[in-house]
Amino acid sequence: MSAEKNSPARKLPRDFYTRPSVLTVARELLGKLLVVPAGDTRVSGKIVEVEAYRGPHDRAAHSYGGRRTKRTEPMYGIGGTSYVFFVYGMYFQFNVVTNVAEVPHAVLIRAVEPVEGIELMRARRTVRTDRDLTNGPGKLCIALNIDRRLDGVDLLGSDVWLEEGERIAPSQIQRGPRIGIDYAEEWKEKPWRFWIKNNPFVSR
DNA sequence: CATTTGATAACG
DNA sequence: GTTATCAAATGT
């Protein structure tokens, strides 16, 4: 496993992230592999559910209205930067920043399917079934050990990154409204959540 | 349905 | 500086 530990050849390139449409990037993130190294091994998961946030216009985005604080700063970085934030007093959420610098768009990773390091995930999460390991945005952060230390890091670096994965046919992709943003008025109905049809690891 | 705390905005 | 409000969720 150490031979491909950091497999740079499969890492998604900068221009995957800097494209202008956050919706396109969100859709194409499905099937990709999210990797977080753990010592000499890797813990990873296939992305099966995402949501796009398109600030400053999107009322649901933390960058709504151009809000720029210490917390939201990473969103203004270049595409391919990570944005990890803390919510509800106990959970982290992992996001991939898209577009060019100064345009605060991001994609929230809502669920992944465990691929590598499943034993480590089980140790970190104490749940009955493997299905509950990573089927939610807060859960996957615990399973993959994603926290504040990964906020604002470069996804082309070696702390956390994304790799080429399975190609998902357009017919296998479903879309619908985002979750947990009841305060976002007309923006809450935008169908900016994408997931892989029938995948058991999509959040409930 | 209770939980739990950092970030943020609104004060003064 | 201090205080009040609330949040891209989860476990039960």
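In what follows, chains are A, B, ... by sequence order, proteins preceding strands, each numbered from 1. Just so it is clear, the structure is predicted and the values come from calculations on it, not from any experiment. Keep in mind that the numbers below use all heavy atoms, side chains included, and drop hydrogens, waters and symmetry copies.
Here dT8(B) is the nucleotide among dA7(C), dT8(B), dG6(B) with the atom lying nearest to any side-chain atom of R71(A). Comparing dA8(C), dT10(C), dG6(B) against the side chain of Y83(A) picks out dA8(C) as the nearest. If you check dG6(B), dA8(C), dT8(B) against the side chain of R67(A), the one that comes closest is dT8(B). For A106(A), whose side chain is taken as the heavy atoms from C-beta onward, the closest listed nucleotide among dT10(C), dA7(B), dA8(C) is dA8(C).
Ring stacking holds between Y53(A) and dA8(C), with the centres under 5.5 Å apart and the planes within 30 degrees of each other.
If you measure from atom OH of Y183(A) to atom C1' of dC6(C), you get 10 Å, rounded to the nearest angstrom. The CZ-P distance, from F85(A) to dC6(C), rounds to 18 Å in whole Å. Rounded to an integer number of Å, the gap from CG of L133(A) to P of dT10(C) is 13 Å. With rounding to whole Å, R204(A) atom CZ is found 7 Å from dT10(C) atom C1'. Nucleotide dT10(C) holds its P atom 9 Å from the OH atom of Y88(A), rounded to whole Å. Straight-line distance from the CZ atom of R59(A) to the P atom of dA7(C): 10 Å, rounded to whole Å. Here dG6(B) presents its P atom at 13 Å from NZ of K70(A), a figure rounded to the nearest Å. If you measure from atom CD1 of I142(A) to atom C1' of dT10(C), you get 8 Å, rounded to the nearest angstrom.
Mapped onto DNA chain B by nearest heavy atom, M90(A) and R148(A) fall at different nucleotides, with M90(A) at the one closer to the 5' end.
With C1' as the reference atom, dT4(B) and dT5(C) are 14 Å apart, rounded to whole Å. Separating the P atom of dA8(C) from that of dC1(B) is a span of 22 Å, rounded to the nearest Å.
Each of M75(A), Q93(A), E73(A) was checked for a side-chain contact (heavy atoms from CB on, under 4.5 Å) with Y83(A), and the lone residue meeting it is M75(A).
R125(A) comes within contact range of the sugar-phosphate backbone alone, with a heavy-atom separation under 4.0 Å but no base atom that close. Backbone-only contact: F86(A) has heavy atoms under 4.0 Å from sugar-phosphate atoms and none from a base. Nucleic acid contact for R110(A): sugar-phosphate only, since backbone atoms but no base atoms lie under 4.0 Å from a heavy atom of the residue. The residue T69(A) sits close only to the backbone: its heavy atoms come under 4.0 Å of sugar-phosphate atoms, none of a base.
Note that CZ of F94(A) and CZ of R110(A) are 15.0 Å apart. Values are rounded to the nearest 0.5 Å.
Both V127(A) and F201(A) belong to a common hydrophobic cluster when Ile, Leu, Val, Met, Phe, Trp and Tyr are linked at side-chain heavy-atom distances under 4.5 angstrom.
Cation-pi contact between R19(A) and Y17(A): absent, since separation from the ring centre below 6.0 Å together with deviation from the ring axis within 45° is not met.
Side chain of R149(A) to main chain of D159(A): no donor-acceptor pair is present (N/O by atom type, distance under 3.5 Å, no hydrogens or angles).
Under the 90° criterion around 0 for the glycosidic angle, dA8(C) counts as syn.
If you check dA8(C) for Watson-Crick or wobble pairing at under 3.5 angstrom, you find it has no partner at all. With a cut-off of 3.5 Å on both Watson-Crick or G-U wobble distances, the partner of dC11(B) is given as dG1(C).
Salt-bridge formation is not detected for the pair R59(A)/E186(A): no Lys NZ or Arg NE/NH1/NH2 atom is positioned less than 4.0 Å from an Asp or Glu carboxylate oxygen.
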